[in-house]
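In this text, all values refer to a predicted model and were calculated from it rather than measured experimentally. Proteins come first, then strands; the chains are lettered A, B, ... in the order of their sequence lines, and each starts at number 1.
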2 protein chains.
Amino acid sequence: MKRILIVEDEPEIREMIRFTLEPRGYVVNEADNAQDARRLLGEHAYDLILMDWMLPGRSGLEFTKEIKQKNQKSSPPIIMLTARADESDKVEGLDSGADDYITKPFSPRELAARIKAVIRRSTHIEQELSLEFNGLHIDPVQHLVTLQGDPANLSPAEYNLLYFFMSHPERAYTRSQILDKVWGDNAYVEERTVDVHIRRLRKILTPSGHDAYIQTVRGVGYRFTPTKQKHVQVTS
Amino acid sequence: MKRILIVEDEPEIREMIRFTLEPRGYVVNEADNAQDARRLLGEHAYDLILMDWMLPGRSGLEFTKEIKQKNQKSSPPIIMLTARADESDKVEGLDSGADDYITKPFSPRELAARIKAVIRRSTHIEQELSLEFNGLHIDPVQHLVTLQGDPANLSPAEYNLLYFFMSHPERAYTRSQILDKVWGDNAYVEERTVDVHIRRLRKILTPSGHDAYIQTVRGVGYRFTPTKQKHVQVTS
DNA sequence: TCGACAATCAGAATTCTTTTCATGGTTTCA
DNA sequence: TGAAACCATGAAAAGAATTCTGATTGTCGA
C-alpha cells in the first residue's frame, strides 16, 4: 500500500488524480496549499508527492526545494505537475529536486505509469543474501530454492516462509511473530494458516530430508534448526 | 574522473546540467558557442560532449558532424540535447554522429544515466556478444536467432527480450524491471504487455524445447534459466 | 493510401495459491 | 487415565496471478 500526497490548488485536478489513483490501490491525501501539505507530511510517511508547479502564495517550486533540502535523502520522490510548456520552467522545476514532471493535461495512464516508475526507482533495494545449510540453498537473486542442487518449486508464501526461517535459524517463533514477519504487520489471517504452510514446506523438504530442520515447539510455535546430520543421498 | 564539455547557449540549462553533474564527480566545462567549444576541445581531452541541437550561428548538428569527421574514432562521444520531440530530427541528430540524444526537458537522473551509459560504451568498446545455450543461439551482429541451426523469425520486441534474457541468465526479474531494461526507462506500457511477449517468445522456442528456459516466477516475474540438457531415462 | 506486420490492451479462461474448515491424532498434566 | 490443549492433515472454498485470445491501434514500406 502506497501513500501519495497531492499538493494542488485546483479541486478538479485533485479530484481527477484521486479518481485515477484510488482504484489502483493508492491512498491519496490532498492539500491545496503548502501549509496543509507541510502538516500532512508530518502526520504520515508518503511514498510520493504530486506537486503543482503553481501554488497560491508560494510556488510549488519553492516548496519542492524546501522539502528536498530539509529531508535530504529521506524525502519522498516528487513529481511536478506543470501546465506550462515553457522549457526553462521545466528545467528549473527539475533543478529544484523534483524526480519527474508531467505536463498538463495528462492521461490517467501516463500518470499511473510515471508514479509507478518513480516509486519503484526510489525504493531502496536491499541486498538479500543467498543462504545455505547442508544442501538446502535459497537464492533471492534467482528467487530459487534448491535441494542438493535440484530446483524445488515453492509458492510465494512458502518461499517467504523458508527465507525467514533460514535467515533466522536456531530461534523459536510464535505463529503471531511468523505472521508479522512473513505476512507483514497488517495481514489478518488465522494463526492456523501458518500450520498449513509449515506442513507444505515440510512436504517439499521431505525428499531431501531437510524437513527435520523445521521443528515444532509445542506451546510456542516453530523453530528452524539446521542440524549437521547427514542427509539422504539422492543418486542419479 | 571524467571531463564533460557542455555546448549550450542558454545559461540556465548549462547551470542545471552542471548542478546535476558536478555532485556526481564529473568535471564540467562550458561553452556557449562552437568557437569556444573548439578551443576547449584543443585544451583538454573530454570523455563526453553534451551538445545543444540549436546553437546560435551554427547548429549543434553541424558542429557534431564536424567533430566526428575531424577526429574520427578518437573523438569523444556526443549526446545531443534537443528541444524537439520530432522523430525525424532525432534521426538526423543520430545521423550526424551523435551517440545518443536527450529531449528537453530531461530529469537529472535521466541525464546522469545516459551519460554513464554512453561513457561506458565508448570506453569499454562493449560490443554485443553472440550468445548460445544448448542450440539456442543469438547473434547481435547478424541480428539473427537460430534454434539448433534453424533460423527463427522474431519481431523486434521478441528479439530484444530474448537478448536481454540470454545476457542476464539465472536471475529473476519483475515485469517492471524487464520493461525498464528492454523497453527503456520512459516507456509507459502496461506490465501485462510483458506477458504477451513472453508468451510469443515461448511459442517460438517451443519446437526446439527451449521454451523451458523461460520460467515463470510466480508473484515476481520471469527468469531465464538455461538448464542442462535432459537425459531421458527409460526404466524397464 | 493501402496492406502487412507489430505492439498493445482488455478481458476471459485457466492455473495456481492461500485460507479456512473439519477431523483426528498427540502431548501434557492433574 | 482421561480431559484439555495443541498440532497435523486433507480437502474445499476463496482469491490471485498468469496465460491466452481477439480487437484495436500504430508503423513502415510499396
Side-chain angles (χ1 to χ4, degrees), chain A residues 1 20 23-25 107-113 116 143 145 151-164 172-180 182-184 186-206 211-223, chain B residues 85-88 90-91 143 145 152-164 172-179 182-184 186-206 211-212 214-223:
Chain A
M1 186 222 68
T20 302
R24 293 172 203 252
S107 70
R109 170 173 297 160
E110 183 185 2
L111 180 67
K116 209 162 153 188
H143 207 271
V145 174
N153 196 14
L154 305 210
S155 77
E158 289 152 12
Y159 177 92
N160 293 335
L161 185 56
L162 181 60
Y163 193 85
F164 169 70
Y173 290 93
T174 65
R175 290 173 179 72
S176 236
Q177 292 174 316
I178 292 170
L179 283 174
D180 276 0
V182 179
W183 271 252
N186 30 8
Y188 300 108
V189 288
E190 294 287 318
E191 293 201 342
R192 292 276 132 255
T193 299
V194 175
D195 298 24
V196 177
H197 287 280
I198 290 280
R199 152 92 184 116
R200 283 209 273 263
L201 201 44
R202 280 175 171 161
K203 209 172 204 170
I204 290 164
L205 299 181
T206 298
D211 58 320
Y213 291 0
I214 299 175
Q215 298 165 353
T216 303
V217 184
R218 209 185 160 76
V220 180
Y222 299 93
R223 179 184 57 212
Chain B
D86 189 300
E87 277 304 317
S88 60
K90 284 177 187 171
V91 170
H143 206 271
V145 175
N153 195 14
L154 304 210
S155 77
E158 288 153 11
Y159 177 90
N160 292 336
L161 186 56
L162 181 60
Y163 192 84
F164 170 69
Y173 290 95
T174 64
R175 290 172 178 74
S176 258
Q177 292 174 317
I178 292 171
L179 283 175
V182 179
W183 272 253
N186 14 20
Y188 298 108
V189 289
E190 292 288 317
E191 294 196 344
R192 292 280 137 260
T193 300
V194 175
D195 300 20
V196 175
H197 288 280
I198 290 279
R199 169 171 166 275
R200 292 217 185 104
L201 200 45
R202 279 176 172 160
K203 211 172 206 170
I204 291 165
L205 300 181
T206 299
D211 58 320
I214 299 175
Q215 298 166 351
T216 301
V217 184
R218 209 153 225 275
V220 178
Y222 299 94
R223 180 183 56 213

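Of the side-chain N and O atoms in K203(A), one or more sit less than 4.0 angstrom from OP1 or OP2 of dG10(D). Between R199(A) and the phosphate of dG10(D), there is a side-chain N or O to OP1/OP2 separation shorter than 4.0 Å. At least one side-chain nitrogen or oxygen of H197(B) sits closer than 4.0 Å to the OP1 or OP2 atom of dT8(C). Close to dT8(C), at under 4.0 Å from its OP1 or OP2, lies a side-chain N or O of W183(B). Side-chain nitrogen and oxygen atoms of T193(B) include none within less than 4.0 Å of the OP1 or OP2 phosphate oxygen of dA7(C). OP1 or OP2 of dT18(D) has at least one side-chain nitrogen or oxygen of R192(B) nearer than 4.0 Å. Between Y222(B) and dA17(D) there is no side-chain N or O to OP1 or OP2 distance below 4.0 Å.
Among the heavy atoms of the strands lying under 4.0 Å from V217(A) are primed sugar atoms or P, OP1, OP2 only; no base atom is included. Among the atoms of the strands shown, only primed sugar atoms or phosphate atoms (P, OP1, OP2) are found under 4.0 Å from some heavy atom of R175(A). Nucleic acid contact for T216(B): sugar-phosphate only, since backbone atoms but no base atoms lie under 4.0 Å from a heavy atom of the residue. Contact annotation for R202(A): backbone-only contact, meaning every heavy-atom pair under 4.0 Å involves sugar-phosphate atoms and none involves a base.
Nearest-nucleotide positions on DNA chain D place V220(B) closer to the 5' end than the other of V220(B) and V196(B). Toward the 5' end of DNA chain C, the nearer of the two residues L154(A) and E190(B), judged by each one's closest nucleotide, is E190(B).
Rounded to an integer number of Å, the gap from CG of L201(B) to P of dA6(C) is 14 Å. In this structure, CZ of R200(B) is placed 12 Å from P of dT21(D), rounded to the nearest angstrom. In this entry the distance linking CD1 of I204(B) with C1' of dC5(C) reads 13 Å, nearest Å. Regarding N153(A), its CG atom lies at a distance of 16 Å from the P atom of dT15(C), rounded to whole Å. Residue I198(A) contributes atom CD1, which lies 11 Å from atom P of dC7(D) at whole-angstrom precision. Here dT8(C) presents its C1' atom at 16 Å from CD1 of I178(B), a figure rounded to the nearest Å. In this structure, Q215(A) places its CD atom 15 Å from P of dT27(C), rounding to the nearest Å. If you measure from atom CD of E191(B) to atom P of dA10(C), you get 14 Å, rounded to the nearest angstrom.
Checking dA8(D), dT18(C), dA7(C) against the side-chain heavy atoms of S155(A) singles out dT18(C) as nearest. Residue D195(B) has its side chain nearest to dT18(D) when only dT18(D), dC7(D), dT18(C) are considered.
Here the CD atom belonging to E158(B) is positioned 8.5 Å from the CG atom belonging to N153(B), to the nearest 0.5 angstrom.
Under the 30°/60° scheme for interplanar angles, the aromatic rings of H143(A) and Y159(A) are found to lie parallel.
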**Prompt:** Is there a side chain to side chain contact (heavy atoms under 4.5 Å, CB included) between E190(A) and T193(A) once you walk through the steps?
**Reply:** CA-CA 6 Å; E190(A) 294 287 318; T193(A) 299; 4.0 Å; yes

**Prompt:** Run the side chain to side chain contact (heavy atoms under 4.5 Å, CB included) check on L154(A) and N160(A) step by step: do they pass?
**Reply:** CA-CA 9 Å; L154(A) 305 210; N160(A) 293 335; over 6 Å; no

**Test log, rule side chain to side chain contact (heavy atoms under 4.5 Å, CB included), inputs Y222(A) and D195(A)** = CA-CA 9 Å; Y222(A) 299 93; D195(A) 298 24; 3.5 Å; yes

**Asked** Going through the distances and angles, do T216(A) and R202(A) end up as a side chain to side chain contact (heavy atoms under 4.5 Å, CB included)?
**Response** CA-CA 11 Å; T216(A) 303; R202(A) 280 175 171 161; 2.8 Å; yes

